[in-house]
Asks: 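Questions regarding the structure given below will be posed in turn.
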Amino acid sequence: MNATHQHLFDAARAARLGDPPPPAPGTHDLAVLRAARNRRRFARVLAGRPARGGLRTALSRAVLFGAGLFGASRSGPSRTALSRTAPSRTASSRTAPAPCRRPAD
């Protein structure tokens, strides 16, 4: 039995008993996802980390330090080379990211 069948059984039971029908499956999915996102942001704030940008930071760290996507490792700069030079935060130094390429089969 899937969610639609269960909903039909519950709706029929509610109609027979005179109760209001239950919400359709998937009605509150976006609200649940929003609540999970807000809870994760709140936990990050309590831990002293920035509330936004965690996924982007983790992905950029994975690309920089060799944990490539699709299982292929990339040879990025070493941690010591990155720690010696502080990145500039000016708008002129920002460049577009390199396109993501699939590894050769």
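Heavy-atom basis, side chains included; hydrogens, waters and symmetry copies ignored.
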Asks: Please report the closest heavy-atom contact between A11 and P22, naming both atoms and the distance.
Replies: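 Closest pair (atom of A11, atom of P22, distance): CA-CD, 3.9 Å.
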
Asks: Please report the interatomic distance CZ(R49) to CZ(R44), rounded to the nearest 0.5 Å.
Replies: 5.0 Å

Asks: Taking only residues at least two apart or on different chains, which pairs with a member in residues 16-34 satisfy salt bridge (Lys or Arg N to Asp or Glu O under 4.0 Å)?
Replies: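 Not a single pair qualifies under salt bridge (Lys or Arg N to Asp or Glu O under 4.0 Å).
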
Asks: What salt bridge (Lys or Arg N to Asp or Glu O under 4.0 Å) pairs are there with at least one residue in residues 1-13, not counting sequence neighbours?
Replies: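 Found D10-R13.
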
Asks: Do you know the tightest heavy-atom contact between A3 and P25?
Replies: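 Shortest heavy-atom separation between A3 and P25 comes out as O-CG, 3.8 Å.
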
Asks: CZ of R39: more than 12 outside heavy atoms within 6.0 angstrom?
Replies: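 Atom CZ in R39 is not packed in, count stays at 12 or less.
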
Asks: So how far is it from H7 NE2 to T27 OG1, rounded to the nearest 0.5 Å?
Replies: 7.0 Å

